[in-house]
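Here is the structure we will look at.
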Amino acid sequence: MLKPENTQLAPDGDPFELITIQNAAGTTATFMDWGATWLSLEFPLADGSKRELLLGCETPQGYVNQSAYLGATVGRYANRIAKSQLTIDGQTYALVPNQGENQLHGGPEGFNARRWTLLSRSAQAVSFQLLSADGDQGYPGNMTAEVHYRLTDDHRLEIRYQATVDQPCPVNLTNHAYFNLDGEGHDARKQTLQLFAERFLPVNSDGIPCTDLTPVEHTGLDFRAPKTLAEDFLRDREQQRVKGYDHAWLLNRTCNSAEHPAAHLWSADGKVKMSVFTSAPALQVYTGNFLRGTPNRSGAEYENFQGVALETQFLPDSPNHPEWPQPSCWIKPGQSYRSQTVYQFFAL
C-alpha cells in the first residue's frame, strides 16, 4: 500500500493529491494528480486475499525521483520521435530532446512531470485535465488534454483520453503502468503473453524504427499463441539491440473494437489474467530492461525485468512516417483526439 506522506510536497510546492476508487467486488485503484498517475491496482484473488498488480513507489515523492514513468500519463507524444523533429505543411518543429538526440514520451518536462487539474471524482471514477501551452517541449499550438479513469464492477479499469489543439500537432497519449500479475519482486518474464498482431516494428539500439513493419512469423516476437516472455527472450538481434522486448506491434484491425482483445497476460502462478482492449492501432511491450535502481513499494529498488508495460498508442515516430498503415496521429483545430484502453482483470 502506498504511504500518503502528506507532509511531502510536489516539485511545484503544493501537496500531492491521491484519489482511491473501489468497485463492489473489492478491487481498489489509486491515482495521483501529479502526472495523472495510476499508482496502484489491488485485486481480490479467488481465495479472498488481495494482490498488488502494478509496480509502484513507497511514497508519492518516489514517483518524482524515478525515470521509468511508473503509471504515468505520457504525452504529448508517447514513445520516441527521431532526431526530435517533425514537419507539417513545410514547417519543421524542433522538439526538446531527452534521450540522446531523440525525444521520448513528450520530452524532459512531459505530461508525466506536470500537475493535472482534478476535474471530477466519484466512488468508481476520476478525471484529470492538463493545459499545454504553444511551444511546450517544442510542440506547436495550445493543447487541452483529459484523461478519465473508471473502475467497473467486473474489474475493468477503463482509460479514456481526449485532446484538442489550436494548431496541427501530433497527439499520442498512453499510460505507462508496469504490470506484474504475480505481485512485487517476481521476474515479470515468467508471465505468459498473447498479442493479436501479425507485424512488429524493428528498432535500432536507440529505440528508433530502422526498417518497415515486419512479420512476426519465425521470430521471437511472435506472440500470436500464448508463451512466456522468457521463452524467446533475447533470441533475436531486434531484442539484443534494446536488451529485451521494447517494441511496438501493429494490432490486427479486429482489435480496434471493444469486443476483440489486443492482448492477454497471465500470472506465472495461474491465479490472475489480464485482458487489454484498445482503440489505438499499436501496442508497445516493454519488459523493464532498464528498471534497476527504480524505487519500489518497500523503500528498496526494483531490478530489471520485474514488470512489463503494455502501452497502447500509435507506432513510434509516426509523425515522420505517414506511410504506415494506421490512422494519422496529427490532430488539427476543430478535431478531437480520442482514444480508449481497458485493462480487465480476472481471478482464476
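Each residue takes its place number in the sequence, starting with 1.
Residues that satisfy the side-chain hydrogen bond (donor to acceptor under 3.5 Å, both in side chains) test with Asp222, not counting sequence neighbours, are Arg224. Residues passing the salt bridge (charged side-chain N to carboxylate O under 4.0 Å, His left out) test with Asp182, sequence neighbours excluded: none. Taking the side-chain hydrogen bond (donor to acceptor under 3.5 Å, both in side chains) definition, one finds that Glu311 meets it with His176, Gln313, sequence neighbours left out. Looking at residues two or more places apart in sequence or on another chain, you find a salt bridge (charged side-chain N to carboxylate O under 4.0 Å, His left out) between Glu17 and Arg121. Here Arg160 pairs with nothing under the salt bridge (charged side-chain N to carboxylate O under 4.0 Å, His left out) rule; sequence neighbours left out. Residues passing the side-chain hydrogen bond (donor to acceptor under 3.5 Å, both in side chains) test with Glu101, sequence neighbours excluded: none. With sequence neighbours left out, Asp12 forms a salt bridge (charged side-chain N to carboxylate O under 4.0 Å, His left out) with Arg115. In this view, Thr294 satisfies the side-chain hydrogen bond (donor to acceptor under 3.5 Å, both in side chains) rule with no residue, not counting sequence neighbours.
Val74 belongs to a hydrophobic cluster whose remaining members, ordered by chain and number, are Tyr69, Leu104; membership requires side-chain heavy atoms of ILVMFWY residues under 4.5 Å apart, directly or through intermediates. Val242 belongs to a hydrophobic cluster whose remaining members, ordered by chain and number, are Val203; membership requires side-chain heavy atoms of ILVMFWY residues under 4.5 Å apart, directly or through intermediates. Hydrophobic cluster of Leu201: the remaining members, joined at side-chain heavy-atom separations below 4.5 Å, are Leu213, Leu250, Leu315, Trp324, listed by chain and number.
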Would you please test Tyr343 and Phe179 for ring pair (Phe, Tyr, Trp, His ring centres under 6.0 Å) and show each step?
CA-CA 11 Å; Tyr343 297 98; Phe179 300 97; 5.0 Å; yes
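Taking a 6.0 Å sphere around NZ of Lys332, one finds it holds 12 or fewer heavy atoms contributed by other residues, nucleotides or ligands.
If you chain together hydrophobic residues whose side chains sit under 4.5 Å apart, Leu265 and Phe233 fall into the same group.
Screening residues 270-288 for side chain to side chain donor-acceptor pair (under 3.5 Å) gives Asn79-Gln284, Asp246-Gln284, His264-Ser275, Thr278-Thr341, Thr287-Asn289 as the qualifying pairs, with residues at least two apart or on separate chains.
For the atom pair Leu95 CG and Tyr77 OH, the distance stands at 11.5 Å (nearest 0.5 Å).
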